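First the structure, in the form of C-alpha cells, and then the observations on it.
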Amino acid sequence: MIDVLIVGAGPNGLMLACELALAGVHPVVLERHPTPGGEPRANGLVGQVVRLLDRRGLYARLSGDSNPPSPQPAFTFGAFPLDLTVLTDNPHYVLGVPQAQLEAALAARAAELGVDLRRGHEVVDLRQRPDAVEVDLADGTRLTARFVVGADGGRSRVRRTAGIDFPGVTNDRSVSRTATVTVPASFLDPETGGLLAPGYGVVPPFLHTRTPRGLIAWAPFPGRPALVSTTEWPDAPTSDETPMSLAELRASVTRVLGVDVPLGPPDGPGLLRRLTGRNTRIAARYRAGRVLLVGDAAHVHPAIGGPGLNLGLQDAVNLGWKLAATVRGWAPEGLLDTYETERRPVAERVVMSTEAQSALIGPGEEITGLRELFGELLRIPEVTGHIAALMSGADIRYPADPADPMAGRSAPDVVVHGDRGVVRLAELTRGARPLLLDSTGAWAEVAAPWRDRVDVVTGHLEGTTATGLLVRPDCFVAWSAGDAGTLRAALTRHFGRPL
C-alpha cells in the first residue's frame, strides 16, 4: 500500500512530496500530463515563501546566488507603488523565476529524495475505506493509499470526487489579456526600463498602472521576452471561443492608455492568453477523512499581487510534517486537523487582500476618488508596513500560547555561534526536522526524551533575545519563553509523546 498519493505535479504537489520524503515518508506523485507543461504561468515568487525556500536550500538553486535573500525595496498593491525602504523591518521578498523553472527545480529535488513521480497517469475516481483510499486511473489501474492529497488545481478532480464543496463567487465582468511582445527601442525608457507611450508617458516596469479605463502591466524580464498585460471591464461580455491575437492586445493597450503602442511578436514561440472573469473560492473543508487538499485545489483567488505560490507552497510545508508524523505514528491527537485550522485563515486573508486590490483597480471616477484617499494613507509608514506584512504573509500567527510572544510566528533569521561554528537557521532547517535552539545548555536536557525526532543545537543565539527556540519543521516557532514545564508541553503538543 502507498503511504501518501499526491495527485498533481505542479509546484505545490512537488513541494509536498519533498517535505514528506525529508520526513521519511516516500510518496507517489501522479500527474496526468505526460510531460511538464511549457505554458508561461506565474512569473516569480512573492513574500515569505522566498525565505522558506532558502531554509530548504532551494533559494540558491533558483536564484544562482549563494547569499541569503534580501528584502525587496519596492512593490505594488492595487496598482499603487509601495516604497518599502521606509520600513525598519521589511518583510517583503521577491524571487523572479518563472513557474516552469520552479517546477523543474522541485522535480529535480524530489528525484534526489527518491520520490516516485509518475507522469501520464490521470485520476478519474476515488473511494474511501476506513483504513485507506482506493484510486482509479484512466487506464483502468487501481491504486490504494493510506492518504490522498489533491494538488490538482482549481478544477481539482480529487476535491470533486471526495465530495468537498467549493463555495465562492465567479465574477465575469473583467477581461485580462497577456502576451509576450517586442517593442521598438524608441518606445523603451532608458532610465527606468519602462514602456514609453508618447502622449501618455512612461508605464513603469513590473508594476500595475491604473487608468480610469483599465489596468496595464509591463514586465521586461531579463533574458526572456517581455510581457504586456491589460485588464478591462467591457460593457458587453467577451467570448473566450475566439483565439486571442496580438492585434487584440494592442487594441486593448490603446483603450487603456489612450494612445497606440506598436507591439510586435516575440522572437520564437510566445504567449497569447485571454481570461474572462475571476474566481474567488475556498474549499468547504481541507480534509475529508483520508483525503486532503493543498494549493489551488483548496482555494482560488485573483492573481493580483502574486500571492498564489506564497500561499500554496506554505500550505504544502505546513501539511508535510503533520502528515508524515501521522503516517509514522508519532503525531499527537488532532495534529493533522491543525492543517486546516492554521492554513484556512491565511487563505481568507489572501482572498480579502486580492478582493480589496481588485476593487481599487476598478474603472470609474468614484474609484479614482477612493484611490486618492488610499494614496494618502500609503504615505504613512505604519500603513505601508501593515500592507507589506499582509501581502508577504509576515503577519501570520497560528493559534499558540498567548503568553509566548513568538509562538505561532515564523522563526526569525537566527544565527547560532556554537560547536558547529557560525551557522544560519536556514542551514539548520534543510532536513525539515523539528529543531531546538538552546543558548543555555539547560533546554537540551528537557528535550532529550524527544531525541528521535527533535534535533538540538546549542550555542549563542544572535538575532533573538530568547534563550531558546523550538522551531517546527515548517519554520514556525512552537515555543520561545517560559520554563521546563512549558517546553515539555510544547514538545508534547507538537511532536507527540516522548520516548
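The first residue of the sequence shown is numbered 1, and numbering continues consecutively from there. Nothing here was measured: the structure is a model prediction, and the numbers come from that model.
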Any side-chain heavy atom of [X] within less than 4.5 Å of one from [Y]?
{"X": "Phe147", "Y": "Thr326", "result": "yes"}
{"X": "Thr458", "Y": "Asp419", "result": "no"}
{"X": "Val477", "Y": "Arg409", "result": "no"}
{"X": "Val49", "Y": "Leu311", "result": "no"}
{"X": "Val471", "Y": "Val414", "result": "no"}
{"X": "Trp321", "Y": "Pro434", "result": "no"}

Looking only at side chains, do [X] and [Y] share a donor and an acceptor under 3.5 Å apart?
{"X": "Tyr398", "Y": "Arg343", "result": "yes"}
{"X": "Asn310", "Y": "Gln314", "result": "yes"}
{"X": "Ser176", "Y": "Thr231", "result": "yes"}
{"X": "Thr161", "Y": "Asp125", "result": "no"}

Lys/Arg-Asp/Glu bridge criterion (N-O < 4.0 Å) met for [X], [Y]:
{"X": "Glu112", "Y": "Arg61", "value": "yes"}
{"X": "Asp413", "Y": "Arg51", "value": "yes"}
{"X": "Arg287", "Y": "Asp337", "value": "yes"}

Taking the six-membered ring for Trp and the full ring for Phe, Tyr or His, determine whether the centres of Phe206 and Phe75 are under 6.0 Å apart. no

Give a yes/no verdict on a cation-pi contact between Arg159 and Phe166, requiring under 6.0 Å between NZ or CZ and the six-membered ring centre and an angle within 45° of the axis.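 Pair Arg159/Phe166 counts as cation-pi.
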
Quick one: does Arg157's side chain have a donor or acceptor within less than 3.5 Å of a partner on Asp152's backbone? no

Could you state the interatomic distance from [atom1] ([X]) to [atom2] ([Y]), rounded to the nearest 0.5 Å?
{"X": "His208", "Y": "Ile304", "atom1": "NE2", "atom2": "CD1", "result": "5.0 Å"}
{"X": "Leu143", "Y": "Met1", "atom1": "CG", "atom2": "CE", "result": "11.5 Å"}
{"X": "Arg493", "Y": "Trp479", "atom1": "CZ", "atom2": "CH2", "result": "12.0 Å"}
{"X": "Arg146", "Y": "Ile2", "atom1": "CZ", "atom2": "CD1", "result": "12.5 Å"}
{"X": "Ser439", "Y": "Glu462", "atom1": "OG", "atom2": "CD", "result": "13.0 Å"}
{"X": "Asp455", "Y": "Leu437", "atom1": "CG", "atom2": "CG", "result": "10.5 Å"}

What do the steps show when you test Arg278 against Thr354 for side-chain contact (heavy atoms from CB on, under 4.5 Å), and what is the final call? CA-CA 11 Å; Arg278 55 186 175 85; Thr354 56; over 6 Å; no

Are more than 12 heavy atoms from other residues, nucleotides or ligands located less than 6.0 Å from atom CZ of Arg430?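 Atom CZ in Arg430 is packed in, count exceeds 12.
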
Within the supplied structure, the quantity of interest is the number of heavy atoms (other residues, nucleotides, ligands) at a distance under 6.0 Å from Arg127 CZ; does it exceed 12?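 Counting neighbours around CZ of Arg127, more than 12 heavy atoms of other residues, nucleotides or ligands fall under 6.0 Å, so yes.
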
Taking all non-hydrogen atoms of both residues into account, name the closest pair between Leu62 and Ala105 and its distance. CD2-CB, 3.6 Å

